[in-house]
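This one's a predicted model, so the numbers in the text were calculated from it and none came from an experiment. All residue numbers refer to positions in the sequence shown, counting from 1. Below, all heavy atoms of this structure are taken into account, side chains as well, without hydrogens, waters or symmetry copies.
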Amino acid sequence: FGPKILYYPPSGPNRIPLIRDTLLLLSTRWMFHRTIFHFQASGVSELIASLPKWQRVLACHALGKPDVAIQLSSQAVSDATYLNAKRVYFIPNAANDHSITRPIKTPSSDQPKRLLYLGTVCETKGILVLLDALKKLVAHHALVHLDIVGSFQPARFKEAVAKRIAQLELGPFVTIHGQKIDDAKWDLFANADVFCFPSFYESEGFPCVLVEAMSFSLPVVSTFWRGIPSIVDDGKTGYLVATKDDVALAQRLAELLASDSLSQRMGTAGRQKFEQEFTREKYLDAMRQVMTDVSN
């Protein structure tokens, strides 16, 4: 069909995917008049900068000077700046609204408050930090239960999580669900009281799961990391804490668990931000504008 524009999502700060990108782009990019890189992951520039000179030269030749770079957040690592993109657009990811078909949860004083973690379950997503924070909540007699949802990466990390749960005597307070999709996933959002995502994941760019949580009017507790502050407004739609700080994490979670009015106020603010910035329609409009600009 004679396409003249190459649209490509580069990898994050992982060596093997970067080698793949370098080889693929060196062998194909010359065939196109213009190039759009959509940085779904964050931090590839940090990896390139750390490479030996000859590898850095090859990677920069493959990825350097795109006509357009799309980044998910102005607060994430500026891979576009490092690679000398000619034009940069900031377009946050979006989420479909699955909350409108589910009833709003009514708070109950005699039932445990449900904390929800949903995403890849790995160490740098902060799951062990969250368990340490949960122990502090339980020790202060908080009526709380944590739902952990997602696939373990690597699979053997599940053993480390189970071991930490046993060491902290948290068995009655944690449910590991594994990966859930479609209605099973959305029902977990609908039944949650607070969403917690204490990530320090290396290539975290714009975790869309936070947008999904906000669409369900959930207050969010997350971290000052990569592009997360562009999603969660600290003190308004939730709280942000330093990475790996289980004490601060427990404190913020305790505040939300102790006050239904605070949780409701932050959840409502999050829902409003979702409607204003993160809907599918707004995302498609922004992407259409990029494609129109680069085609002219």
Pairwise side-chain contact, Pro66 with Lys86, heavy-atom cut-off 4.5 Å (strictly under): no
Ring centres under 6.0 angstrom apart (Phe206, Phe278): yes
Lys158, NZ atom: more than 12 neighbouring heavy atoms under 6.0 Å: no
Common cluster, Phe90/Val211, ILVMFWY with side-chain heavy-atom separation under 4.5 Å: no
Pair Arg280 + Asp97: basic N to acidic O under 4.0 Å: no
Glu277: partners by salt bridge (charged side-chain N to carboxylate O under 4.0 Å, His left out), with sequence neighbours left out: none
Residues, nucleotides or ligands: over 12 heavy atoms within 6.0 Å of Arg15 CZ: no
Ring geometry between Phe39 and Phe37 (parallel below 30°, tilted from 30 to 60°, perpendicular above 60°): perpendicular
Gln289 and Asp285 side chains, donor-acceptor separation under 3.5 Å: no
Heavy-atom side-chain contact between Glu46 and Tyr82 under 4.5 Å: no
Among Val88, Val44, Ile48, side-chain contact (heavy atoms from CB on, under 4.5 Å) partner for Asp79: Val44
Thr124: which of Gln153, Glu204, Lys244, Glu202 passes side-chain hydrogen bond (donor to acceptor under 3.5 Å, both in side chains): Glu202
Side-chain touch Phe173/Lys135, heavy atoms, less than 4.5 angstrom: no
Whether over 12 other heavy atoms sit under 6.0 Å from Gln264 CD: no
Check ion pair Glu159-Lys163 (N to O, under 4.0 angstrom): no
Shared hydrophobic cluster, Trp54 / Leu51 (ILVMFWY, side-chain heavy atoms < 4.5 Å): no
Shared hydrophobic cluster for Leu72 and Phe224 (ILVMFWY, side-chain gaps under 4.5 Å): yes
Whether over 12 other heavy atoms sit under 6.0 Å from Glu169 CD: no
Asp193 bridged to Arg114 by N-O distance under 4.0 Å: no
Euclidean distance, Lys136 NZ relative to Gln251 CD, rounded to 0.5 Å: 12.0 Å
Ser73 side, atom OG; Ile91 side, atom CD1 - distance, nearest 0.5 Å: 12.5 Å
Test item: side-chain donor near acceptor, Arg29 and Thr35, under 3.5 Å: yes
Between CD on residue Gln272 and CD on residue Glu275, distance to nearest 0.5 Å: 7.0 Å
Side chain to side chain, Val138 and Val144, heavy atoms closer than 4.5 Å: yes
Pairwise side-chain contact, Leu256 with Leu262, heavy-atom cut-off 4.5 Å (strictly under): yes
Parallel, tilted or perpendicular: ring planes of His38 versus Tyr7, cut at 30 and 60 degrees: perpendicular
